[in-house]
Number of protein chains: 2
Amino acid sequence: MTEHKQDSRGRIVEAANRLFYIKGYNQASFADVADEVGISKGNLHYHFRSKDDLLDAVIVLRTKVIEQNLARWDEQYSNPKDKLKRFVQMLLMEEDGIARYGCPLGSLNMELGKSQRELRDRSREMFDLFQRWLEKAFKQMGYKNSLSLSNHLLSMAQGAALMTFVYADGQLLKDECDRIHEWIEGLDN
Amino acid sequence: MTEHKQDSRGRIVEAANRLFYIKGYNQASFADVADEVGISKGNLHYHFRSKDDLLDAVIVLRTKVIEQNLARWDEQYSNPKDKLKRFVQMLLMEEDGIARYGCPLGSLNMELGKSQRELRDRSREMFDLFQRWLEKAFKQMGYKNSLSLSNHLLSMAQGAALMTFVYADGQLLKDECDRIHEWIEGLDN
DNA sequence: GTCTATAAGAAGATAGAC
DNA sequence: GTCTATCTTCTTATAGAC
């Protein structure tokens with residue numbers, strides 16, 4: 001629990017987070033992460049018993065970031081429609097990464113969902129954070145089917161991200177985000 | 001080019017197609033495919049020099065199936081709106097598979113797109129088939145932005161499939177397909 | 001905490017017998 | 001065409017020195 005250990009651990013998790021996103025969890029090896037951080041594989045194993053352990057730490061980090069963002073948006077926007085729009089804005093800000101590597105949430109869930117069901121559940125919890133936050137906004141607007149609307153918005157966002165990635169074309173994301181934006185504007189509240 | 005070889009080859013490609021879908025390309029090993037078919041790894045290598053070769057054959061098979069379906073739909077439906085609806089109906093018919101393993105096209109593209117760019121292009125061509133077919137339908141309806149509309153429909157379909165997979169919930173697919181269906185009904189033509 | 005060395009296993013691929 | 005045996009490389013993980 002010394003300062004150095006904390007520093008190393010943090011740097012490892014950040015590097016793993018980056019590599020798992022860029023290459024995918026299964027395609028990013030322990031050695032890749034160690035190289036990225038500039039330490040040995042043996043040292044990496046001192047900090048994380050297994051690769052799954054490392055993924056767990058990455059998910060904890062991502063979860064923390066998501067929760068911080070949602071909390072900040074709650075502070076900045078009281079109008080539920082503004083909250084929905086802020087969600088869409090996030091996509092546009094991530095245009096480059098999405099076009100290159102896809103949505104961090106969607107791609108991780110897609111990868112882990114296949115034949116790695118234990119890890120899938122941990123990964124899905126990040127989706128739940130957005131799902132519940134958006135659901136709350138729709139409920140605030142007076143919708144009874146707020147969960148379905150939340151899933152619909154998530155669905156449109158994921159579809160936009162996937163198509164943007166497949167064609168590696170940021171314009172696709174802009175077009176879809178425009179449509180989502182119009183859809184939000186047209187909602188009753 | 002004997003009868004036996006053709007039989008084996010066909011069975012191998014079908015098994016690989018199934019396993020690549022269920023486990024993902026990188027997670028399905030050569031040995032897995034050989035076991036599934038009931039032959040040895042060595043024999044599998046006689047038919048396919050490399051795993052990438054095998055994937056290529058799988059993509060050729062999938063491409064053929066897609067082209068056959070699109071051609072059949074063209075015969076069965078002359079009204080472009082009916083064509084769009086038939087596309088959505090395909091999703092509903094694949095509900096079980098999508099909830100368990102995701103969309104075959106979307107998941108393969110997502111997986112290969114990350115750090116395997118050569119294979120990505122081959123995989124993307126399957127998307128192109130649907131993209132062009134849908135675009136033609138929108139053009140037939142008199143839309144000038146037919147490509148954008150085609151991408152939008154693909155985007156909604158992919159989003160629906162991904163959310164359905166993440167939550168392993170077929171109801172999600174039904175809800176989203178209802179929305180897509182309404183969207184199609186509301187189009188001018 | 002960090003390193004080197006090494007084990008143990010899986011994966012893709014080849015060689016050669018039948 | 002199909003098999004067994006083998007090779008090589010990669011990957012995860014451990015052991016032990018510093």
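Chain letters run A, B, ... following the sequence lines, proteins first, then strands; residues in each count from 1. Computed from a prediction, not measured in an experiment: that's the story for all the values here.
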Please report the C-alpha distance between Asn43(A) and Ser40(A) in whole Å, then the side-chain angles of each, then the deciding distance to 0.1 Å, and finally whether the side chain to side chain donor-acceptor pair (under 3.5 Å) criterion is met.
-> CA-CA 5 Å; Asn43(A) 190 6; Ser40(A) 67; 5.1 Å; no

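- Of the candidates dT12(D), dT2(D), dG12(C), dT2(D) carries the atom nearest the Tyr46(B) side chain, counting heavy atoms from C-beta on.
- Here the P atom of nucleotide dG16(C) and the CG atom of Asn43(B) are 18 Å apart, to the nearest Å.
- Taking only side-chain atoms of His47(A), from C-beta outward, the nucleotide of dG12(C), dT2(D), dT2(C) with the closest atom is dT2(C).
- Ile39(B) has its CD1 atom 15 Å from the C1' atom of dA13(C), to the nearest Å.
- Taking atom NE2 of residue His45(B) and atom C1' of nucleotide dG16(C), one finds them 15 Å apart after rounding to whole Å.
- Taking atom CG of Asn26(A) as the reference point, atom P of dA10(C) lies 16 Å away to the nearest angstrom.
- A sub-4.0 Å separation between OP1 or OP2 of dA10(C) and a side-chain N or O of Ser29(B) is absent.
- Using cut-offs of 30° and 60° for the angle between ring planes, the His45(A) and Phe30(A) rings count as parallel.
- Atom CG of Asp32(A) is separated from atom C1' of dT12(D) by 13 Å (rounded to the nearest Å).
- Closest to the Phe30(B) side chain, of the nucleotides dG12(C), dC3(C), dA13(D), is dG12(C).
- In this structure, Arg72(B) fails the cation-pi test against Tyr77(B), since its NZ or CZ atom is not both closer than 6.0 Å to the six-membered ring centre and inside 45 degrees of the ring normal.
- Applying the 4.0 Å criterion to OP1 and OP2 of dT12(D), one finds that Ser50(A) has every side-chain N and O outside that range.
- Remark: P of dT11(D) and CG of Asp53(A) are 20 Å apart, rounded to the nearest angstrom.
- Put simply, NZ on Lys51(A) is 9 Å from C1' on dT12(D), counting in whole angstrom units.
- Between Phe48(B) atom CZ and dA13(C) atom C1' there is a gap of 15 Å when expressed in whole angstrom units.
- A cation-pi contact, defined as under 6.0 Å to the ring centre and within 45° of the axis, is absent between Lys83(B) and Phe138(B).
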